[in-house]
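Following: one structure in structure tokens, then a few remarks.
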Amino acid sequence: MSRVLAPRLAYFAGVARTEHVTRAAHEMNVPQSTLSRAMVRLERDLGVDLFARHGRTVSLTTAGRTFLTSVERALAEIERAAEEVRADTDPAAGKVAFGFLHTMGAETVPGLLHAFRADHPRVRFSLVQNYGEAMLERLRAGELDLCLTSPVPDAPDLVARRLDEQKLRLVVPADHRLATRRRIRLAEAAEETFVTLEPGYGLRRIFDALCGEAGFRPKVAFEGEEAETLRGLMAAGLGVALLPPPTVPRPGVVELTVTAPRAVREIGVAWLAGRPDTPPVAAFKKFLLSRRGNLLAA
């Protein structure tokens, strides 16, 4: 029913406002015959009389006044939605829905946004922090325009570009037997108890793969959702972890350079294949791609 009624609602509101079919047709720039037929069909589809007709003029019936209240509310909501999407796609002041990893929220993303807004000061952002797989699902659902994630996804419905890589370090408690070391092969930690992110996180997949490459299966005692929470667990002496560098040094832990295997995570930007970009999204995408190799220095 709504698909049948929707095209006629604006016509109905115009006739109700003027109480004159000829005048309403002139104001809406449609033939009078078209408008008259639309009102007759509207009443027929609803099964009620909306107008009392008096020659060339009309007046609303009680049912017509009730219907008009809801129609005006619906048309106002449609206009509000139209204004919102026009505003969001405005090249100078539109909106970008941007997702990124928790570990990039403290420093990297604020630096990127600061640099971008130097040339686009009015562009607005809807920011989402999450782990990689959850962001990709929101990308597929149309809830995000772009996301920074790791590992760089390889999927037929997505487009992804590698932007940078980040070294991972073995983090140990300050009083740990390895705390006096500066460099370490990951295999030397094979007998340690690890704290790590939960399965499903990109960094967890990288961790599992690196341990396999080093020839051991890690003993995991604690699984969490935030890298800084893991550092807190390590400061309490509850294990060791493989993590990206912190924004600021964390007391109570020591971070060792891993010499083998090569311990890095690649960071890339991803978007949905075939989805047209609004002007602000296109501008921010171009900016991110221009930071290839220099993303983490933002």
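Residues: numbered from 1 along the sequence shown.
Side-chain atoms of Thr34 never come within 3.5 Å of backbone atoms of Val30 as a donor-acceptor pair (strictly under, hydrogens ignored). With hydrogens and angles disregarded, a donor-acceptor distance shorter than 3.5 Å links the side chain of Arg117 to the backbone of Pro121. Under a 3.5 Å cut-off, the side chain of Thr57 and the backbone N or O of His54 do form a donor-acceptor pair. Judged by distance alone, with hydrogens and angles left aside, the side-chain atoms of Thr193 form no donor-acceptor pair with the main-chain N or O of Ala221 at under 3.5 Å. The backbone N or O of Phe116 sits less than 3.5 Å from a side-chain atom of His120, completing a donor-acceptor pair. In this structure, Arg65 contributes its side chain and Leu60 its backbone to a donor-acceptor pair below 3.5 Å. Glu107 places no side-chain N or O within donor-acceptor distance of the main-chain N or O of Pro246, the cut-off being under 3.5 Å.
The structure places CG of Leu148 at 6.0 Å from CG of Leu288, a figure rounded to the nearest 0.5 Å.
Looking at heavy atoms from C-beta onward, Lys285 lies out of side-chain contact with Val269 at the 4.5 angstrom threshold. Using a 4.5 Å heavy-atom cutoff, the side chains of Asp145 and Trp271 are not in contact.
Salt bridge present: Glu165 and Arg262 bring a charged side-chain N and a carboxylate O closer than 4.0 Å. Ion pairing of Arg204 with Asp208 is present here, as a side-chain N (NZ or NE/NH1/NH2) and a carboxylate O approach within less than 4.0 Å. For Glu255 and Arg231, the salt-bridge test passes: some basic side-chain N is under 4.0 Å from an acidic carboxylate O. In summary, Arg181 and Glu188 engage in a salt bridge, as defined by a charged side-chain N under 4.0 Å from a carboxylate O.
Here the closest heavy-atom approach between residue Thr196 and residue Phe207 is recorded as OG1-CD2, 3.7 Å. The minimum heavy-atom distance linking Arg140 with Ala155 is given by the pair NH2-CB, 3.6 Å. Closest heavy-atom contact between Gly14 and Met28: CA-CE, 4.0 Å.
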Legend entry - Chi angles and distances behind the salt bridge (Lys or Arg N to Asp or Glu O under 4.0 Å) call for Arg177, Glu192: CA-CA 11 Å; Arg177 67 179 182 86; Glu192 299 293 331; 2.7 Å; yes

Legend entry - Candidate pair Arg41 and Ser36, rule side chain to side chain donor-acceptor pair (under 3.5 Å), full reasoning: CA-CA 9 Å; Arg41 288 171 182 163; Ser36 296; over 6 Å; no

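The aromatic rings of Phe67 and Phe12 sit tilted, their planes meeting at an angle between 30° and 60°.
In this structure, Lys219 places its NZ atom where more than 12 heavy-atom neighbours from other residues, nucleotides or ligands lie under 6.0 Å away.
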